[in-house]
Amino acid sequence: MENLKEKVVLITGASSGIGEATARLLARHGAKVVLVARREERLHRIVEEMKRDGGQAAYVTANVASREDMQQAVEFASERYGRVDVLVNNAGIMPVSRLHDLKVEDWDQMIDVNIKGVLNGIAAVLPTMRTQKSGHVIIVSSVAGYEVSPTSAVYSGTKFAVRAIAEGLRKEESQESRIRSTIISPGITDTELMQTVSSPEVQAMAEQLKGLAISPDSIARAIAFAINEPEDTSVNEMIIRPTLQP
Ligand code: NDP
């Protein structure tokens, strides 16, 4: 993982789960990591632990649904480390339910965090990466970004959408600015995500599937692989499922 050394990586949703595991792994390989999320006490504790382990890390609190917050997060990373090499748009929520339940506020929130959050990250980082004539935008989609099941219509919609955004970014920026674009699509992963599920139907289903879940470290390794590839190689899509996931 030689190419991770000294890379400046901003990770959203780094206060738990996949984002936290990715932050810790990249820092262990010498990256300079900026962790972004809303829960400050978590971020503070994780960063202190990463530093104790010899890592270079800092955090900034931000709500990805706020364009200003994401702007400030990128400015913080640029000022602290002088550039931004990689943005990992990982923050996400999954309050799934059937459409007829009309949980329209949950729909709005999923769109705000899972789609607009990604766009806010791209808006904040793109001018810097274009000036650098290098950069890498990673977006965490999902297996639900390829298939839809009852209750997942809106969540899947957000995860399909970010795949389109990643591909658009690749088409527009790969030649002009040499910006790499990667979609990472996890299957069932053992994190706190299920805590954002409000529907008892889905909770019961999730309880049954829980035994299959893989560690967030598996997803972190996929992200690290994509970043570590040489600059002339752009890993565009990876799906990482538990072997036993149907
Ligand atoms: P977690 O719930 O453990 O982590 C979600 C992270 O997102 C937290 O750090 C949370 O931090 C952050 N977050 C949520 N809302 C916001 C917000 N408005 N602004 C900033 N940060 C926010 O779940 P995962 O690690 O599983 O989720 C990471 C990504 O992986 C998501 O995009 C999810 O959709 C995707 N995914 C997960 C799968 C799984 O099975 N776990 C499967 C497929 C995809 P805080 O609350 O502190 O802000």
Side-chain angles (χ1 to χ4, degrees), residues 10-25 33-47 59-70 72-74 87-96 106 108-121 124 138-149 152 154-163 165-166 182-197 202-203 205-207 209-220 222-223 237-242 244-245:
L10 192 78
I11 306 177
T12 69
S15 61
S16 63
I18 292 167
E20 175 183 350
T22 303
R24 289 182 189 274
L25 179 64
V33 186
V34 177
L35 292 82
V36 181
R38 293 164 304 174
R39 287 171 294 178
E40 181 162 18
E41 68 295 343
R42 288 248 197 163
L43 292 170
H44 181 75
R45 176 180 53 77
I46 296 164
V47 164
Y59 73 84
V60 53
T61 54
N63 181 345
V64 296
S66 154
R67 195 170 300 149
E68 293 74 33
D69 277 15
M70 281 310 293
Q72 280 167 15
V74 170
L87 168 65
V88 183
N89 281 298
N90 161 74
I93 55 170
M94 193 182 69
V96 288
D106 287 349
D108 284 347
Q109 271 193 21
M110 279 188 275
I111 289 165
D112 284 348
V113 177
N114 299 1
I115 303 180
K116 286 195 196 157
V118 168
L119 289 172
N120 290 339
I138 297 179
I139 303 175
V140 178
S141 175
S142 170
V143 162
Y146 297 81
E147 47 193 63
V148 187
S149 48
S152 88
V154 179
Y155 179 72
S156 285
T158 66
K159 295 301 186 178
F160 274 66
V162 295
R163 288 180 50 225
I165 292 163
T182 304
I183 277 284
I184 297 283
S185 294
I188 304 166
T189 309
D190 186 14
T191 69
E192 296 171 17
L193 192 72
M194 281 311 293
Q195 291 172 12
T196 64
V197 173
V202 183
Q203 273 174 350
M205 220 155 57
E207 205 45 50
L209 293 171
K210 212 172 164 201
L212 300 184
I214 49 176
S215 161
D217 293 337
S218 299
I219 316 302
I223 293 172
E237 285 194 61
M238 293 174 87
I239 300 178
I240 308 100
R241 279 192 181 85
L244 293 174
Q245 182 173 342

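Being a predicted model, the structure only gives us computed values, none of them experimental. Each ligand, and each atom within it, is numbered from 1 in the order the structure gives.
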By the salt bridge (charged side-chain N to carboxylate O under 4.0 Å, His left out) test, which pairs, at least two apart or in different chains, include something from residues 138-149? Glu147-Arg241
At a 4.0 angstrom heavy-atom cut-off, ligand 1 is contacted by Gly13, Ala14, Ser15, Ser16, Gly17, Ile18, Ala37, Arg38, Arg39, Ala62, Asn63, Val64, Asn90, Ala91, Gly92, Ile93, Val113, Val140, Ser141, Ser142, Tyr155, Lys159, Pro186, Gly187, Ile188, Thr189, Thr191, Glu192, Leu193
Interatomic distance, Leu35 atom CG to Leu10 atom CG [nearest 0.5 angstrom]: 9.0 Å
Does the pair Glu192/Arg39 count as a salt bridge with the N-to-O cut at 4.0 Å? yes
So, Glu41 and Arg45, do they make that salt bridge, N to O below 4.0 Å? no
Spacing of Ser141 atom OG and Ile184 atom CD1 [to the nearest 0.5 Å]: 10.0 Å
Ring-face cation contact, Tyr59 with Arg42, 6.0 Å cut, 45° max: no
